Amino acid sequence: MAERVRVRFAPSPTGFLHIGGARTALYNWLFARQKGGAFILRIEDTDRSRSTEEAIQAIVSSMHWLGLEWDEGPETGGDFGPYRQTERLSLYEETAQRLLAQKKTYCCYCTPDELKSRRRVALKEGRTPGYDGRCRELTARERDEFEKEGRRPAIRFACPREGTTVANDLIKGETRFENRLIDDFILLRADGFPTYNFAVVVDDNAMRISHVIRGEDHLPNTPKQILLYQALGFPIPDFAHLPMILGPDRKPLSKRHGATSVEEYRRNGYLPEAILNYLALLGWSYDEKTTLFTGEELIEKFSLGNVSRSPAIWDPAKLEWMNGHYIRQIPLKELTLRIVPFLREAGLIKDFPDAEELSWLERVVVSIRDRMKVLGDVVTLTDFLFGEVKLDPQAVERVLKSDEALRVLALAEEKLASLPGFRKDGIERALRGMCEELSLKPAKALQPVRVAVTGKTVSPPLFESIELLGREQTLQRLKKARNLISDKIG
RNA sequence: GGCGCAUUCGUCUAGUGGCCUAGGACACCGCCCUCUCAAGGCGGAGAUCGCGGGUUCGACUCCCGCAUGCGCCA
């Protein structure tokens, strides 16, 4: 424990970085940064049928995007590599052989099919479905027989039949497991690939991991791993098991609950700051008041002792609120740049804007900043500023189809046409003057103008929007709306 | 089926024996601001602390049982 803190995040590359994985990574990262330790990224790709190269890239890229930089791992390398389990096969093999020589493991010739059917029978008879240990006492001759049949052995751990293994979890506290209830689990499969429990112990030791911080789903694996540490004579790290993240139905978070990967949130316009802050608070808290934390504050204040022991339900609404908050924290110039990709993606702008367009975009951003929850909101909020207006039929029906609206539009057009300049303040004066002349409340009289100009009953502030649109476009839209009404009213 | 973990407002949580007539945040409702919608400010409603037993002068907090949920063995 006096040794340097070394922690790791060890995902299986079977898809995008999941929200739960991101939180595990974050807690590891915070812990390492706070303690001045090392944060290691290790790829657990021994399940060849499900692991892919694309998934590794996806995870790496989400980690970078979140700013969870690792000190050792893919891309960066390090003194304890390689950091991919499929590149460490010989280490597992050697370690297993060592245990075999010490008679702490044994060869098992049972095939997966045999095991499966035995398990079924056991379940049907109401017995515990674990491995019965039948190959543990195999004689040399029996082994030869199996070898002659062409069977390749798996290597199993000879688990102690008595005693108790105690895991002192930094979050859950002391948990005890009866050794006799743990079956002789496989370390190395017949094909030479290690099982999860074995590879994890070998690697965590080889990489000098001091604290294993991972999801609670691994808690039942812990006694097996402790037994392995002991058999191998390795020092045992500290363990900390994080509660799960569930959907609103208290089932594991999955696609049917909505977005579950960091990548999806990135694409929808969530900010890393918001995701990190929200994730930090999902299962951890600092005091009874604080909800907003900068990255530095999190590093300073995080502690495993304050991590909750019970599962948390994912609440997209709170994340959204937090995202809106962080959007408002971003300096205008930077926010504008971060919005550009969303405008391009939606086809609202073609190329990357030049300096002039950028300064216009900045003014656009000012008008919508308080209205955004995600960066992608920029599209629906400002689409009327690009190209033609699409008049919402319902809005036309409700606010445009009247003689009063017709008069409003005519006067507005006249007032705006004769304005000396075309700035927000002048526009406002002109339109408020219009309201007075018509003896109408602004709230009433400005709605037809809003619909004519923006196509909707809800929009960014009208006067700014009109300025941003420009005189020519504005007048054109007012006229068009007027013609439309005249036709309709007859 | 066995083993393990968990259980405070709808949600995330504060709470480590008296400070709790249970605090904060999101969501919800109302008011203010206001050209719409937001943002912001102010306020409201919302939890007999899963249930039942103990221990104690006193329990959300400690112990036991039960229920439920989740995990692992798969």
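Quick caveat, the model's predicted, so the values are computed rather than measured.
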Please report, rounded to the nearest Å, how far the [atom2] atom of [N] is from the [atom1] atom of [X].
{"X": "Asp249(A)", "N": "rU68(B)", "atom1": "CG", "atom2": "P", "value": "18 Å"}
{"X": "Tyr196(A)", "N": "rC72(B)", "atom1": "OH", "atom2": "C1'", "value": "12 Å"}
{"X": "His218(A)", "N": "rC73(B)", "atom1": "NE2", "atom2": "P", "value": "9 Å"}

Complement of [N], any strand, by Watson-Crick or G-U distances under 3.5 angstrom:
{"N": "rC5(B)", "answer": "rG69(B)"}
{"N": "rC62(B)", "answer": "rG54(B)"}
{"N": "rA14(B)", "answer": "none"}
{"N": "rA22(B)", "answer": "none"}
{"N": "rA45(B)", "answer": "none"}

Touch class at under 4.0 angstrom, heavy-atom based, for [X] against every strand present:
{"X": "Lys251(A)", "result": "sugar-phosphate"}
{"X": "Gly283(A)", "result": "sugar-phosphate"}
{"X": "Arg250(A)", "result": "sugar-phosphate"}
{"X": "Arg176(A)", "result": "sugar-phosphate"}

Passes side chain to side chain donor-acceptor pair (under 3.5 Å), His211(A) versus Asn28(A)? Steps please.
CA-CA 9 Å; His211(A) 300 257; Asn28(A) 272 285; over 6 Å; no

Hey, is [atom1] on [X] packed in by over 12 heavy atoms from elsewhere, all under 6.0 Å?
{"X": "Glu388(A)", "atom1": "CD", "answer": "no"}
{"X": "Glu345(A)", "atom1": "CD", "answer": "no"}
{"X": "Phe463(A)", "atom1": "CZ", "answer": "yes"}
{"X": "Lys479(A)", "atom1": "NZ", "answer": "no"}
{"X": "Arg250(A)", "atom1": "CZ", "answer": "no"}
{"X": "Arg50(A)", "atom1": "CZ", "answer": "no"}

State which residues pass ring-ring contact (aromatic ring centres under 6.0 Å, His included) with Tyr92(A); sequence neighbours excluded, sorted by chain then number.
none

Applying ring-ring contact (aromatic ring centres under 6.0 Å, His included), can you list everything that pairs with Tyr109(A), at least two apart in sequence or on another chain?
Phe146(A)

Side-chain donor-acceptor distances from residues 158-165 of chain A under 3.5 Å, at least two apart:
| unit_1 | atom_1 | unit_2 | atom_2 | d |
| --- | --- | --- | --- | --- |
| Thr165(A) | OG1 | Asn179(A) | ND2 | 2.6 |

Listed partners of Gln225(A) passing side chain to side chain donor-acceptor pair (under 3.5 Å), at least two apart:
Arg214(A)

Counting side-chain heavy atoms from C-beta on, which of rG4(B), rC72(B), rU36(B) comes nearest to Asp217(A)?
rC72(B)

Members of [range] that approach RNA chain B, where some heavy atom sits under 4.0 Å away:
{"range": "residues 372-383 of chain A", "result": "Lys373(A)"}
{"range": "residues 413-437 of chain A", "result": "Arg432(A)"}
{"range": "residues 309-322 of chain A", "result": "Arg309(A), Ser310(A), Pro311(A), Ala312(A), Ile313(A), Asp315(A), Ala317(A), Lys318(A), Trp321(A)"}
{"range": "residues 453-472 of chain A", "result": "Thr457(A), Val458(A), Ser459(A), Pro460(A), Pro461(A), Leu462(A), Phe463(A)"}

Taken in chain and number order and not counting sequence neighbours, the residues that satisfy side chain to side chain contact (heavy atoms under 4.5 Å, CB included) with Ala22(A) are Leu17(A), Leu66(A), Val262(A), Leu279(A)

For Pro311(A), side chain to side chain contact (heavy atoms under 4.5 Å, CB included) partners two or more places apart:
Leu246(A)

If you restrict it to nitrogen or oxygen atoms, what contacts under 3.5 Å exist between nucleotides 28-32 of chain B and the protein, and what is each distance?
none

Taking N or O atoms only and anything under 3.5 Å, show me the protein contacts with nucleotides 42-50 of chain B, one pair per line.
none

